[in-house]
Amino acid sequence: MPGPNQAFVTLATSDAYCMGSLVVGKCLRRHGTTRKLVVMVSPNISREERLSLEDVFDEVIVVDMLDSRDRAHLFWLGRPDLGVTFTKLHCWTLTQYTKCVFLDADTLVLCNVDELFEREELSAAPDPGWPDCFNSGVFVFRPSLETHSCLLEHAKMCGSFDGGDQGLLNAFFSDWAIKDIHKHLPFIYNLSANAIYTYLPAFHKYGHQAKIVHFLGRNKPWHVPYQEHPSTEVPQWDSNGTLEKYVNLWWAEYYGHTKTHLDELTHELQDDEPIEQLGMLVAAPCSSHVDTSPHWSQPTTTSPSASHPHDPESVSQAEDREEKIPSESVKKPTLDAPSSSTCYQLEDMCSNLDVISAVEPGDSEKSELQEPQVEQKQEEDVSGAESALSEAESDAGRADALQESLEHRKRWEEGHIDYMGKDAFENIRIKLDQFLD
Ligand SMILES: O=c1ccn([C@@H]2O[C@H](COP(=O)(O)OP(=O)(O)O[C@H]3O[C@H](CO)[C@@H](O)[C@H](O)[C@H]3O)[C@@H](O)[C@H]2O)c(=O)[nH]1
Ligand SMILES: [Mn+2]
């Protein structure tokens, strides 16, 4: 029985991140892990947070705070606060365990993931921003004082290319990308929440298999107030309100809702059938504004957990348990996303599809030969086609046209070709002429 020598480990250096660690511990317990639970904390966390952690974790270990103080690299990461993630390196000192799985405090475990202990050091999932790097929010490692001092030495000599632990660990375990595929954890063990809108079709296909969700980035679930009644208006990229459901599950775990309720919320996320029909992805008209804000817009300032937890104001709020999360008083989160950029991608796709479907459908060999030529021309003219389309149609009409385009493409692919109507040679010739002009 390997359990007692193995542990899940997480970290919190502030009261706000303690909220996250607490949820990590609670979900691991709820899903029946047989491994020990360890949380490393820095000396500054409040007594109250510490006591709540002690209720859930087998060990609450106080460690020194390590900060890269590498403002320059952290600037490129856009997260000046993440120098303290060097504290994570102390997990290698936990030599009372032979093997551990580290989980960031901003992860949400959706089922039992004890099988991770079958992996070897250093196993991790690709980072969504640079997949030849691993994301250091979830990784399997073997505690060792020797590795720990080599890591510190490496940090001293070379620093970290992102100013945080992830840059350092990737430089240290530098053969991860190519050496051993078994050390590549499937993405479902570290599904970054932003994958929902950066690769929406893949999310629709595989998202329901997620085992660990990672709220990577500036916005954390504890910034988004809990909603007893999930909103009916969700941004288009968050189709089905999935991200909102993850956030609500996070809060339900935090509050320690009943097991039945938590199981229901979890199953709702895992049992969602993949959405196969492309048409459903563009069911709603695109929003017309260009959103340059982060993934989630800042929650309303009336919320006690509204600001960033590293803001002094917010940390003191998190420290003040009296003030924290009176759920009735909080306003709805505005999960306002870069929906417009997703829309533009879909729009591009739609207008391209329309062009591709305009190739003469005679025999299949012929269309296969012709498609690359049309695609090439289409690449050259795509911006012109887009503007022609947007000039010609009103916003509402354009949404209909996009929908119709997708349906047309689908019919085409299924072999239902309208030789006498839209796909008649004459119409195709007109389309081609438009592009050749
Ligand atoms: O003030 C802080 C900041 C971070 N942490 C801990 O460090 C982890 C990493 O920070 P996080 O805000 O979760 O970073 P990410 O947004 O996930 O950013 C990425 O970049 C970080 C810096 O390289 C890595 O630590 C992450 O694993 C990686 O996902 C947290 O989960 C906590 O466990 C704290 O305890 N206090
Ligand atoms: Mn994280």
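Each ligand, and each atom within it, is numbered from 1 in the order the structure gives. Just so you know, residue 1 is the first one in the sequence shown, and it goes up from there.
Residue contacts with ligand 1, taken as heavy atom pairs separated by less than 4.0 Å, involve Asn135 solely via side-chain atoms from C-beta onward. At a heavy-atom distance under 4.0 Å, atoms from both the backbone and the side chain of Asp104 approach ligand 1.
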Hey, mind stepping through Trp250 and Tyr246 against ring pair (Phe, Tyr, Trp, His ring centres under 6.0 Å) and telling me if it holds? CA-CA 6 Å; Trp250 187 94; Tyr246 287 137; over 10 Å; no

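Counting non-hydrogen atoms of other residues, nucleotides and ligands closer than 6.0 Å to CD of Glu115 gives a total above 12.
Neighbours of the Mn ion (ligand 2) restricted to protein N, O or S atoms under 2.8 Å: the count is 4.
Rounding to the nearest 0.5 Å places SG of Cys100 at 4.0 Å from CZ of Phe141.
Ring orientation note: the planes of Phe8 and Phe117 are nearly perpendicular, at an angle over 60° on the 30°/60° scale.
Residues passing the salt bridge (charged side-chain N to carboxylate O under 4.0 Å, His left out) test with Glu253, sequence neighbours excluded: Arg30. Applying the salt bridge (charged side-chain N to carboxylate O under 4.0 Å, His left out) test to Asp58 and every residue at least two apart in sequence or in another chain returns Arg29.
Listed by first and then second residue, the salt bridge (Lys or Arg N to Asp or Glu O under 4.0 Å) pairs that reach into residues 19-28 come to none, sequence neighbours excluded.
Ligand 1 is never approached by Thr10 to a heavy-atom distance shorter than 4.0 Å.
Taking every heavy atom of Thr13 and a limit of under 4.0 angstrom, the matching atoms of ligand 1 come to 1 (O), 2 (C), 34 (C), 35 (O), 36 (N).
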